[in-house]
There are 2 protein chains.
Amino acid sequence: MDTATRDRWLEHASQRMTAAGLRAGAARTAVVETLAREGQCLLTAAEIADRLRGASAGSIATVYRVVDELSELGLLHRYDGRDGVARFEIADPDHHHHHVVDEATGAVEPFADDELERAIAGVAARLGYELTGHDVVLRGRRRGG
Amino acid sequence: MDTATRDRWLEHASQRMTAAGLRAGAARTAVVETLAREGQCLLTAAEIADRLRGASAGSIATVYRVVDELSELGLLHRYDGRDGVARFEIADPDHHHHHVVDEATGAVEPFADDELERAIAGVAARLGYELTGHDVVLRGRRRGG
DNA sequence: TTATATGCAAAAGCTTTGCATGGGT
DNA sequence: ACCCATGCAAAGCTTTTGCATATAA
């Protein structure tokens, strides 16, 4: 993820948070900046807290509170994997994507696919739903190398 | 889900379990039959245990052990929602489907879509993955009524 | 008979909450 | 000044694990 995208998201997040009446506290700001820095990469609350501790502070409780707020505002995507740990990453409308998990290594790779998105939109229309979100997770093994 | 489908799955499950060296204990059998009876419907471990208690027994620990075994054998699909509770349902290759969650009511509706499946297969091929599974969850609000 | 299945209870996570304190506006 | 944000500790959950007993094969 490039700097421009990250900065754009930071700007957007700042506006949304202000509009929502959220103050720019030290911990909240640090969580937001950490998520922006990691970009298109899923982080657990514990991983975010670890990165904050490197700087100054960050209690796990606050991290959970902040990621909940941000998710509520649509600023984060949340993924709940099979290991019972929630993971978060910034939601950038210009970089919409999903993930494929390599079951051999556990590695997570992002991907985007227009045809998949069209198919999902088609399903929603057919079923009569107005979509607010959707998750796609592929699991498999990488062929070749 | 019709009786024939349920019976077919039960037969299939029985064979796979025997082949895997699993014995037909009371609790395991009861869990399998409960899942078959519910068919195309997601159940939590606690919900399964509740249904067992109505009959005779069923400890939550055993339920977790059984659904893990069955998932490992590919006999169950597992969904991890945002509430941190895993849900299970029988995996019938002839009734492959996904789910759409109505955010207003929390209702979960199954659906199947060939175009969506084709898109997913296409993505996997493009990325060079041999898929072992995939999840799609749509979230939205039902239009009209 | 022998290894597996089961239940109970305890432990192990992750996540949330209460409360007192610190900090933004 | 006022109210929100934060940290700590404790509580709440789901899920896993240890161990003794019961049971399928």
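So that the names make sense, note that chain A is the first sequence line, chain B the second, and so on, each numbered from 1.
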Side-chain N,O (A:S59) to OP1/OP2 (D:dT6) below 4.0 Å: no
B:H99 and B:Y79 aromatic ring geometry - parallel, tilted or perpendicular at 30°/60° bounds: perpendicular
Side chain proximity check, A:V123 to B:H98, heavy atoms < 4.5 angstrom: no
Where A:A91 and A:G74 come nearest, the two heavy atoms and their spacing: CB-O, 3.6 Å
B:I60 CD1 - C:dA10 P separation (whole Å): 17 Å
Aromatic ring pairing A:H96/A:H77, orientation class (parallel under 30°, perpendicular over 60°, tilted between): perpendicular
DNA chain C stem ranges, 3 or more consecutive Watson-Crick or G-U pairs under 3.5 angstrom: C:1-25 with D:1-25
Residues in side chain to side chain contact (heavy atoms under 4.5 Å, CB included) contact with A:R82, at least two apart in sequence or another chain: A:R139, B:R78, B:D80, B:D135
Any donor-acceptor N or O pair under 3.5 Å, side chains A:H97, A:E109: no
Residue pair B:E38 / B:E47, side-chain heavy-atom distance below 4.5 Å: no
Sugar-phosphate, base or nothing in reach of B:A46, heavy atoms under 4.0 Å: nothing
Strand-adjacent residues in residues 14-29 of chain B, judged by heavy atoms under 4.0 Å from DNA chain C: B:L22, B:R23, B:G25, B:A26, B:A27, B:R28
Strand-adjacent residues in residues 67-85 of chain A, judged by heavy atoms under 4.0 Å from DNA chain D: none
By side chain to side chain contact (heavy atoms under 4.5 Å, CB included) - contacts of A:A4 (at least two apart): A:D2
Separation of C:dA5 P from B:L52 CG (nearest whole Å): 17 Å
Atom-to-atom span, CD of B:E47 to P of D:dT15 - whole angstrom: 11 Å
Side chain to side chain, B:L75 and B:I90, heavy atoms closer than 4.5 Å: no
Comparing B:R65 and A:V66 on DNA chain D - which has the more 5′ nearest nucleotide: A:V66
Separation of atom CZ in A:R87 from atom P in C:dC14, rounded to whole Å: 10 Å
Extract all donor-acceptor atom pairs below 3.5 Å that involve side chains of residues 13-24 of chain A and protein atoms in other chains or at least two apart in sequence.
residue : atom : partner : partner atom : Å
A:Q15   : NE2  : A:E11   : OE2          : 3.4
A:R16   : NH2  : A:L73   : O            : 2.8
A:T18   : OG1  : A:S14   : O            : 2.9

Side-chain touch A:E69/A:E72, heavy atoms, less than 4.5 angstrom: no
